[in-house]
Amino acid sequence: MLRRKNLRWTPLDSGRGPFTLRQSITLTRRFPRRRRGFFYGLAIDVIWPMLVFGTRLSFRGTEHLPASGGFLVASNHLSYADPTTLTAFCLSAGRVPRYLAKADLWRLPLVGSIMSGGGHIPVHRGKPTASGAYRDAVGAVRRGECVAIFPEGGFSKDPEHWPVRGKTGIARIALETGVPVVPVANWGTHELLPQGSPLPRFLRRPRVQLVAGPPVELSDLVGADPTAAVLREATDRIMVAVTTLLGEVRGQTPPVTR
């Protein structure tokens with residue numbers, strides 16, 4: 001029985017090419033359904049078929065996402081479609097991601113229900129309660145959750161779509177908790193849903209690729225009360241890992257990110 005369960009959750013990657021329809025159906029059956037919340041789960045069930053038929057989607061490196069226990073996912077950020085594709089990527093490894101997101105989303109109809117029911121973490125930027133997001137994220141990973149973060153804090157402003165320098169919040173969470181930080185490169189979402197576009201461009205079936213790498217080495221930086229220099233070093237290591245993966249996906253040499 002245990003062997004069958006472990007086989008069921010063996011990560012399924014698409015290899016270098018997009019998922020076939022058969023592989024997509026297999027993934028659908030393997031997505032975890034518990035602890036998603038009704039509206040978060042509904043959104044997943046509605047949007048996933050759109051990704052299957054409206055994009056040429058591929059995943060690689062899902063074996064780097066821990067099968068159990070808390071960890072952080074660090075991804076570059078190009079489009080409002082990124083949380084959708086990153087969620088599917090994490091689900092394909094049997095993990096339900098929780099996001100740090102701006103608190104304004106909780107006030108939107110339906111979106112607020114998705115955020116609340118899905119166990120996501122509101123960030124109140126520029127307010128005294130902003131530290132609560134850090135506290136909640138620390139608590140989430142200590143409870144064994146997968147917490148996904150876009151360290152850039154917004155869309156990349158680089159004209160060539162390379163990641164820009166990250167903010168240190170993810171490093172602070174990682175160094176306090178000691179959980180792994182798994183880097184992920186997300187490419188093609190800027191063609192699926194360009195910034196400023198009201199609707200995704202499913203008719204064009206853009207190629208969307210997500211690739212994860214091994215956890216970033218931060219063990220030498222773990223210690224009580226990390227300094228600003230230590231936090232910056234940890235953040236830069238995370239962003240270098242993400243940028244390197246993106247360079248591999250794009251087949252290009254990435255710029256220096258430090």
Quick check on R35: does its CZ atom have over 12 non-hydrogen neighbours (other residues, nucleotides or ligands) under 6.0 Å away? no
Mark yes or no: R250 above the aromatic ring of W162, with NZ or CZ under 6.0 Å from the six-membered ring centre and no more than 45 degrees from the axis. yes
Looking just at side-chain N and O atoms, do T85 and N186 make a donor-acceptor pair shorter than 3.5 Å? yes
Treating S197 as the side-chain partner and L193 as the backbone partner, does any N or O pair qualify as donor plus acceptor under 3.5 Å? no
Do H190 and F155 have ring centroids that are under 6.0 Å from one another? no
Backbone N or O of F19 within a donor-acceptor pair of the S24 side chain at under 3.5 Å? no
Minimum side-chain heavy-atom gap Y40-H120 below 4.5 Å: yes
Sidechain-backbone polar pair: T227 side chain, V230 backbone, donor-acceptor under 3.5 Å: yes
Using modelled atom types only, decide if a donor and an acceptor are shared between the side chain of E152 and the backbone of H77 within a distance under 3.5 Å. yes
Just checking, is any N or O donor in the side chain of R207 or S58 under 3.5 Å from an acceptor N or O on the other one? yes
Please check: side-chain N/O of S116 versus main-chain N/O of S113, any donor-acceptor pairing under 3.5 Å? no
Is the backbone N or O of D82 less than 3.5 Å from a side-chain atom of T189, with the two atoms forming a donor-acceptor pair by type? no
Any chance CG of L110 has more than 12 other-residue heavy atoms, nucleotides or ligands included, within less than 6.0 Å? yes
Under the 3.5 angstrom rule, does the side chain of R60 hit a backbone N or O of L210 as a donor-acceptor pair? no
Any chance CZ of F202 has more than 12 other-residue heavy atoms, nucleotides or ligands included, within less than 6.0 Å? yes
Flag, side chain of Q23 to backbone of I25, donor-acceptor distance under 3.5 Å: no
Do any N or O atoms from the side chain of Y99 and from the backbone of I121 form a donor-acceptor pair under 3.5 angstrom? no
Is R56 reaching over with its side chain to a backbone N or O of R205, donor-acceptor style, under 3.5 angstrom? yes
